[in-house]
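Please see the structure below; I have some questions.
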Amino acid sequence: MCGIVGYIGNKQAQDVLLHGLSKLEYRGYDSAGIAIFDNGGVELKKSVGRLANLAELVDGPDRIHGSQGIGHTRWATHGRPSDANAHPHQDNQGNFTIVHNGIIENYMQLRDELTAKGHTFLSETDTEVVAHLLDDMWTGDLFDTVLAVAKRIHGAYALGIMTKHEPGKLIAVRKQSPLIVGLGEGENFIASDIPAILEYTRNVYILDDGEMAVLTADKVETFDLEGNPTTKEVYEVTWSASAAEKGGYEHFMLKEIHEQPRAIRDTLTGRISEDGQKVVFDEIAWPAGYAEKIDRIHIVACGTSWHAGMVGKQAIERLTRIPVDCEVASEYRYREPIVSENTLIIVITQSGETADTMAALREAKEQGVRVLAITNVVGSSAAREADDVIFTWAGPEISVASTKAYTTQLISLYLFAAWLAQERNAAHVSEIPNILSGLKQLPELADMALQTAPSIEAFAKNWAEKEHAFFIGRGMDYAVSMEGSLKLKEISYMHAEAYAAGELKHGTLALIVEDIPVIAVVTQEQLYDKTLSNIKEVKARDAFVLAVAFEGDEEIKKSVDQVIAIPRVNPFLSPVISVIPLQLLAYYASVVRGNDVDNPRNLAKSVTVE
Ligand code: M6R
């Protein structure tokens, strides 16, 4: 996820671009850059780090003059955060200048092809190939060249393109990644998101998937990627600028919950072979024979990432039969864990900066143990210091309460479990194609699970004055209950506890009294009857039971007070779906209680202290 902005008109482009980028920093802030047509040439300035660094570079006498330009704020995917990897990118002649949001999946192949033709690449990004390809395929007409290039690049992209050959023109292309066009008087804009242009106009075109726009200062025309004109309706923005930044959602958390289908899809992209039979993890470069030698895995993480690890433990053990321990990092680092050269340490961390997790990583490395990091942030400490990295492609997570990071961590762990089973030719390897086909359905099923929002909101309105709640489940449902309970505590400030459903009767059942809310997660077929018995135990004490269960489960309806039905999914993968209503429940409880949802008291997004 990155932010792009473009301007053509009569104002100084630098001011418009910097203002637009400041509204898009939530989409990434690893680097920022602008390129502006200046006296017949294009002047380019970019800088690693936050937008403020770029603003300093182009301040005072270094200001770039000109009224046409493009800008970018980067969330690093291919290539670490650096000046060289910052956008905009150009071909070797500087004929074409582009900004990009998305992933060009076939960039390696294109890069090899162009290198063989004499192109020299200056960055590690996937994006740079597009600038070179435009130059290589130049037909003498920008519009035709862009159409031809769009046919050669695969993946997701929103592109802003300008060329020295045709000054006074900007082209925007959209495939999957979002892109809008702002319509002004004698000026026009492109942007990844509406807030970037809201200061200047409220009239926009929202480009459709597979659509492009050709902008001059006075005109905007739109086309499909075959070059046929398309007709667009002007959309008039009525939201406030701050609401627009959240894509119209009231809070970042709600926006991020709703981004999960996209985030899951992105995390799966390129990691399942075309025939759907195998996991492809090019990013893991283990020495020959290492996969077979692993005899123990330690998963180490904190908070929500630890809860993802609890699901990962079960997935890896089930598919590979390697024993897995999953432990909170603050405990692990001080207990002299027993490891050997055949132990693999997996650290899971959204931010890649959590102090306790990083200490565990460093401790493991000191002992000569191989470390695999699962993280969301390219260029983070975890990504730089681990031996191997699996990136979750959730995009920047702003809300302190982690949501899309969790589900994409689960996806990464399922893929890793299947990949490791495959590498070791483990007993359960035959199940992999079926699991992979289930994984591919998850974006759509997550979308369906989001449809539970109105009923959960209604439930939360009558329920949120409670002070205590229990979450119960067995197996993977227990792991999800832990996450549901943490989410509720974190943002609603209600006291909540997660219990393995079978463990309640060993003490905690004493707390179950009339009307106390018990949220039961019931998706594990082989444990269904056992969980049902535990639900009956709490019902017998007059608890109020809300079950999260599969649609069509008639049996559960007879035993509980209310059911939140989620779409049916392979129970092995159900945590990705069953957690969604629990995230929504915490969200709406927090709203009803009038809390600061995105910035809960006493907490920080990235915990870099012990
Ligand atoms: O960045 P990390 O994944 O390492 O962060 C770990 C925890 O601090 C984090 O998951 C925390 O528990 C969340 N705020 C929970 O929503």
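Basis for what follows: all heavy atoms, side chains included, without hydrogens, waters or symmetry-related copies. Atoms within each ligand, like the ligands themselves, are counted from 1 in listed order.
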Could you check, using the six-membered ring where one of them is a Trp, whether Y588 and F459 have ring centers closer than 6.0 angstrom? no
Pairs of nitrogen or oxygen atoms closer than 3.5 Å, one from V400 and one from ligand 1: do any exist? yes
Checklist entry - Taking atom types as modelled and ignoring hydrogens, do the side chains of S381 and E353 form a donor-acceptor contact shorter than 3.5 angstrom? => result yes
Original post:
Going by distance only, is there an N or O of T354 that falls short of 3.5 Å from an N or O of ligand 1?
Top reply: yes
In ligand 1, the atoms that come under 4.0 Å of a heavy atom of E490 are 13 (C), 14 (N), 15 (C), 16 (O)
Decide whether the shortest distance between a heavy atom of E353 and an atom of ligand 1 is less than 4.0 Å.
no
Note to self: Please verify the inter-ring angle class for H78 with Y107; under 30° counts as parallel, over 60° as perpendicular, anything in between as tilted.
What the structure shows: perpendicular
Q409 N/O under 3.5 Å from ligand 1 N/O: no
Quick note on ligand 1: atoms under 4.0 Å from a heavy atom of K487 include exactly 15 (C), 16 (O)
From the list T125, N101, T127, side chain to side chain contact (heavy atoms under 4.5 Å, CB included) partner of R74 resolves to T125
Sorted by chain and residue number, the side-chain hydrogen bond (donor to acceptor under 3.5 Å, both in side chains) partners of E105 (sequence neighbours excluded) come out as none
key: Flag for E397-S402: side-chain donor and acceptor within less than 3.5 Å   = yes
For S305, the atoms of ligand 1 under 4.0 Å from one of its heavy atoms are 2 (P), 3 (O), 10 (O)
For Q350, the atoms of ligand 1 under 4.0 Å from one of its heavy atoms are 1 (O), 2 (P), 3 (O), 4 (O)
The atoms of ligand 1 lying under 4.0 Å from a heavy atom of A401, numbered in the order shown, are 16 (O)
Ion pair R593/E467, N-O distance below 4.0 Å:
yes
